[in-house]
There are 2 protein chains.
Amino acid sequence: MFDHIKKLPVFDWGKTYNGEVFTADLVAAIIVTIMLIPQSLAYALLAGLPPQMGLYASILPLVAYALFGSSRTLAVGPVAVISLMTAAAVGKLALQGTAEYAAAAILLAFISGVMLLALGLFRMGFLANFLSHPVIAGFITASGLIIATSQLKHIFGVDAHGHNLLDLILSLVAHVGEINWITAAIGIPAALFLFWVRKGLKPLLVKMGLGPRLADILAKTGPVFAVAVSIGIAAFFQLQGVALVGSVPQGLPALALPTFDLELIFALAGSAALISVIGFVESVSVAQTLAAKRRQRINPDQELMGLGASNIASAFGGGYPVTGGFARSVVNFDAGAQTPAAGAFTAIGIALATFFLTPFLFYLPKAVLAATIIVAVLSLVDFSILTRTWRYSKADFAAVATTMGITLIWGVEYGVTAGVLTSIAIHLYKTSKPHTAVVGRVDGTEHFRNIDRHNVITCDEVLSLRVDQSLYFANARFLEDKVYDLVARNKELKHVILMCPAVNEIDMSALESLEAINERLHSLGVKLHFSEVKGPVMDKLEKSDFLQHLTGKVFLSQYHAYQELAPHTCMPATASSVAAK
Amino acid sequence: MFDHIKKLPVFDWGKTYNGEVFTADLVAAIIVTIMLIPQSLAYALLAGLPPQMGLYASILPLVAYALFGSSRTLAVGPVAVISLMTAAAVGKLALQGTAEYAAAAILLAFISGVMLLALGLFRMGFLANFLSHPVIAGFITASGLIIATSQLKHIFGVDAHGHNLLDLILSLVAHVGEINWITAAIGIPAALFLFWVRKGLKPLLVKMGLGPRLADILAKTGPVFAVAVSIGIAAFFQLQGVALVGSVPQGLPALALPTFDLELIFALAGSAALISVIGFVESVSVAQTLAAKRRQRINPDQELMGLGASNIASAFGGGYPVTGGFARSVVNFDAGAQTPAAGAFTAIGIALATFFLTPFLFYLPKAVLAATIIVAVLSLVDFSILTRTWRYSKADFAAVATTMGITLIWGVEYGVTAGVLTSIAIHLYKTSKPHTAVVGRVDGTEHFRNIDRHNVITCDEVLSLRVDQSLYFANARFLEDKVYDLVARNKELKHVILMCPAVNEIDMSALESLEAINERLHSLGVKLHFSEVKGPVMDKLEKSDFLQHLTGKVFLSQYHAYQELAPHTCMPATASSVAAK
């Protein structure tokens, strides 16, 4: 524990902190704050929470990450996918708009924080590797579609619900007669404007002579412009019937412990685990990409602790689950942030906003927030993963298709679980039939190659089978069958050599299968030998009594085995052909 | 489907059936029938079912297996572990002794039969391989302990309940004051007699001049003797207060459909799946052992269909889940059974018993049945698997210990599930860090070996990393880290060669990691090459655009790569040393 504290990244970058770095961090923080205000309000809306909770989730978590996180430029806070997952998790247990709903979201952040912290302390960051790239890609695309669809109700001012695509679409269709055209007259132009800002503004600014980075940053402040203009319009016209954000409490919330209800904790634990893993994977991949650009490195276990601390801080500060966001982190990086202090400055910016900006938010139409969400998430939707995996590997395609399909049909939690399970099942299936090849000697060399692919010398008395994979419970019985089949085909056979250059491991089940093979071959008058067994595997075999019972020998190389077992029929060519070579 | 029917094993052995085979089968059938009568009654007791259901489960299933099974000598019927699992599964849903309890057990046999049949039709027999040998051994030992403990209540005539060891022991201790000493006076001697029969009778008979096989078979009829004597005693003394089997319906039950209750089917499905897999694994390993002795082969997928048909038949005939039993099959084999017809003859024997023997069973003390169970299952208890796995591999030990511990503490269903999940988790963990080795050239050869284990030639400009395992989502990121670490240590580096002789597969996630490595090395001025890539892996890489972006080349052999990339610094020794050799 103390070891961890002494190694905190803050002591590392804190030592060389100076005025120049401070200025860079401050500029980045101002830009990120401007970008974060509409985002945090919008994602709170997506999570089904009051808008101020988005702001609260953007204050303490950033300070906590600055202290504990290992990335220099990651911008932590509410993000789209985690907000959607929060809505799905809490929506099962409480009604939106109730105090229970908000309390459950706060508790969810706390549980998720504790889980992340524990994973970090026990160095379990590798678990995230079980979320394969295609599963993540499929999940993000499917979630993006669900999020965008879920926001259409705000754009059109209708009442629609659902945590999966089908429910959402059916619900929207059912309420199509209730469209509020004034709301739509604000929401649709806002969305179109934001699309244009994203696609068309940057090239325009560049053409006008701005640097591409500055143009990009300016283009990303588009939502702030949309928010400001729409507040002005709504306030000026005192719009009737349009859903507005309404009164938002001014100032900071008091620090508070989450309500610890054991039953609620159990009910949220599964969702919290998924949110933790998804949040960590999303965050770590952004952090890695950015760190690589500056030749820095991040430490996944430290990242777990950083995100864990952020989520616990979010819970104490009245927020909901947070993680490192992609778009915001890129802006932070491009705006020149040098250290996590930029995050702490952003937190100060948002805290000031809760004091001075909240009165203006009363007139902010929800349709505009929905538009910012839709435009943001649609940029994450990318179906090319389907075609790329289809071309490269049907197994990966199956994992992506399962993830996407189940996410769209049953919702985010089922989708990501099914994706992970499918990819593990496919992997286990693939390794359950061990790769083997009957090999023969390449004339004039000491090399042994697959008899089906190369022109090699073999002889009837000796069968050489190369095993290209570790032997474990799932594939050991297949090896037995393979050997028995090969032996049955050849009546002349006196020796079987298992060539094991790629066998990293022989587990107990596989050892028992090898014992069975040894006995069976013995009863047929055939000896079992091994060649090229790796050191660690040999060490383990010596701990069992297998080698005492083995009818044959263990040879250092396949060539040695051949020299001793088949000197007359297979070897004579060697001397002359080496000379010829 | 028709294909399956034409290939039924019965058409195979049926063609050559003759008088000699008939006589052999009939003798074996008579011996197995005598052994099966007390067993089937006892296992029904263990399952919490009325005794006649044990007999019913020993009639139609044997006929069905004779038609569909692939083993010549497997004896199907009620077995201890499956009876215990039936009690655990059905006990959650209904009270013992009620009609619902029996109906649920019948339905369980039907669901399990359908599952086995489906697995067989879809050739999914390989799934059983995921139950590793150590997990099975640990599970059988722990179940044996639970079964033996659960029968103590019958031996002592007390009322005790529980599906795990702790509950059972606590329950027995709580009722220790209520011991029925008359029952104990029958149960304890019966158990001691049966232990002696098992250990001492066979050597005695052999000493008296009998052949060892005959002596073994006679010793296995001990339970019949115990049953007959105890019936005589109970009837003669008209014992009061001793739990007797009581009246058993005479004759065969009418064939009937199980009651299909969708809710019940869902409630039983999980247990049915476990029973199917455990039953299949137990059965197939017995069948394989026996088949090997006579140089016959069994077909696992056909076995699935044979066991599936048996369980469906059991359900229609008023029985409960069945599988191939170890002890009975060995007796059948040793008694000279030649074909599955012996099983059909046994079925006739048991059917006759339901007509003529049931009146005598009224006076059979349950304590004697319990004694036969205890003696039978304690022979399965074998803790040596713990020491053997501890010596050989801590990972296997962990799987065994988990299986045993959870079976004993929480019961059979959790134990076997935890065992399978633990062994899969351990396997995934092991493969999540890919085995790699930095290699150098062995002087005077074309071989490349691990620099840590061999005296090899390396050079600063070329780093050769051998990858000893397939690359997939869980280990790809570790490879990235490994390469980056190695590259960071060496400023002279110009080329990295990944030597892939043991890479059977590169999935999409691993491909993306390789792309990342390629880009990262490119930015550092280092080229990435591959050598000894397998044909199928190369075919897949060619389907992606990876090879177009690759900064280096793909070489057929590591030696070729060295010849081209490092001709001056590492290669000059070659010519002279080959000559010297």
Side-chain angles (χ1 to χ4, degrees), chain A residues 126 128-135 292 297 385 388-389 391-393 395-397 399-400 423-424 426-433 435 445-447 450 453 468-470 472-478 484 501-502 504-509 511-513 516 520 523 534-535 540 543-544 557 578, chain B residues 126 128-135 292 297 385 388-389 391-393 395-397 399-400 423-424 426-433 435 445-447 450 453 468-470 472-478 484 501-502 504-509 511-513 516 520 523 534-535 540 543-544 557 578:
Chain A
F126 73 93
N129 292 350
F130 285 96
L131 262 177
S132 72
H133 297 204
V135 166
R297 280 184 72 74
I385 187 67
R388 277 187 294 139
T389 50
R391 266 205 315 274
Y392 183 69
S393 144
D396 281 306
F397 174 80
V400 178
S423 44
I424 289 177
I426 289 173
H427 168 69
L428 290 175
Y429 176 75
K430 280 188 203 160
T431 62
S432 74
K433 307 206 170 179
H435 286 248
T445 71
E446 299 177 11
H447 290 286
N450 192 338
R453 290 177 175 258
D468 289 347
Q469 201 174 310
S470 288
Y472 79 111
F473 55 91
N475 64 21
R477 238 169 286 195
F478 278 100
Y484 299 156
N504 301 311
E505 164 96 32
I506 294 178
D507 79 355
M508 190 78 184
S509 303
L511 181 70
E512 289 182 8
S513 285
R520 179 82 155 265
S523 72
K534 292 191 170 186
K540 266 176 98 181
K543 283 191 215 159
S544 74
S557 81
V578 160
Chain B
F126 73 93
N129 293 350
F130 285 96
L131 263 176
S132 72
H133 297 205
V135 166
R297 280 185 70 75
I385 187 70
R388 278 187 293 141
T389 48
R391 268 206 314 275
Y392 183 71
S393 143
D396 280 307
F397 174 80
V400 177
S423 44
I424 290 177
I426 290 173
H427 168 70
L428 290 175
Y429 176 74
K430 281 189 204 159
T431 61
S432 74
K433 306 203 171 178
H435 287 249
T445 71
E446 297 178 10
H447 291 286
N450 192 337
R453 290 177 175 258
D468 290 345
Q469 202 174 310
S470 288
Y472 78 111
F473 54 92
N475 65 20
R477 238 170 287 193
F478 279 99
Y484 299 156
N504 301 309
E505 164 94 32
I506 293 175
D507 80 353
M508 190 78 185
S509 301
L511 181 70
E512 289 180 11
S513 284
R520 179 82 154 266
S523 74
K534 291 191 171 186
K540 265 174 101 179
K543 283 191 213 157
S544 75
S557 82
V578 160

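Predicted model, so just to flag it, every value in this text is computed and none were measured. Letters go in sequence order (proteins before strands), and every chain restarts at 1.
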Thr431(A): side chain to side chain donor-acceptor pair (under 3.5 Å) partners, not counting sequence neighbours: Tyr472(A)

Taking all non-hydrogen atoms of both residues into account, name the closest pair between Phe130(B) and Ala474(A) and its distance. CE2-CB, 3.5 Å

Using 30° and 60° as the class boundaries, would you call the ring planes of His427(A) and His427(B) parallel, tilted or perpendicular? parallel

Please rank Ile506(A), Asn504(A), Asp468(A) by heavy-atom pairs under 4.5 Å with chain B and give me the top one. Asn504(A)

Which atoms of Ser432(A) approach chain B - backbone, side chain, both or neither, heavy atom under 4.5 Å: side chain

Could you grab the distance from atom NZ of Lys543(A) to atom OG of Ser393(B), nearest 0.5 Å is fine? 8.5 Å

side-chain contact (heavy atoms from CB on, under 4.5 Å) between Ser132(A) and Met508(B): does it pass, once the steps are laid out? CA-CA 8 Å; Ser132(A) 72; Met508(B) 190 78 185; over 6 Å; no

Where Leu428(B) and Leu428(A) come nearest, the two heavy atoms and their spacing: CD2-CD2, 4.4 Å

Name the region of Lys430(B), side chain, backbone, both or neither, that has any atom closer than 4.5 Å to a heavy atom of chain A. side chain

Assess the residue pair His133(A) and Arg477(B) against the criterion (side-chain contact (heavy atoms from CB on, under 4.5 Å)); give the C-alpha distance rounded to whole Å, side-chain angles, the decisive distance to 0.1 Å, and a yes or no. CA-CA 11 Å; His133(A) 297 204; Arg477(B) 238 170 287 193; 3.8 Å; yes

Any Arg391(A) side-chain heavy atom under 4.5 Å of Ser544(B) side chain: no

Within a strict 4.5 Å, meaning less than it, do heavy atoms of the Asn129(B) and Phe478(A) side chains meet? yes

In terms of heavy-atom proximity below 4.5 Å to chain B, should Arg388(A) be classed as side chain, backbone, both, or neither? both

Contact class of Tyr484(A) relative to chain B, heavy atoms under 4.5 angstrom: side chain

Part of Ile424(A) within contact of chain B (heavy atom distance under 4.5 Å): both

Toward chain B, the part of Asp396(A) with a non-hydrogen atom under 4.5 Å: side chain

For the interface with chain A, which of Ala502(B), Ala395(B), Ser423(B) has the highest count of heavy-atom pairs at distances below 4.5 Å? Ser423(B)

Report the option among Gly535(A), Ser470(A), Ala516(A) that has the most heavy-atom pairs separated by less than 4.5 Å from atoms of chain B. Gly535(A)

Could you check whether any side-chain heavy atom of Pro134(A) comes within less than 4.5 Å of a side-chain heavy atom of Ser509(B), counting everything from C-beta outward? yes

Do you know the tightest heavy-atom contact between Tyr392(A) and Leu511(B)? CE1-CD2, 3.8 Å

Lys534(A) portion near chain B, given a 4.5 angstrom heavy-atom threshold: side chain

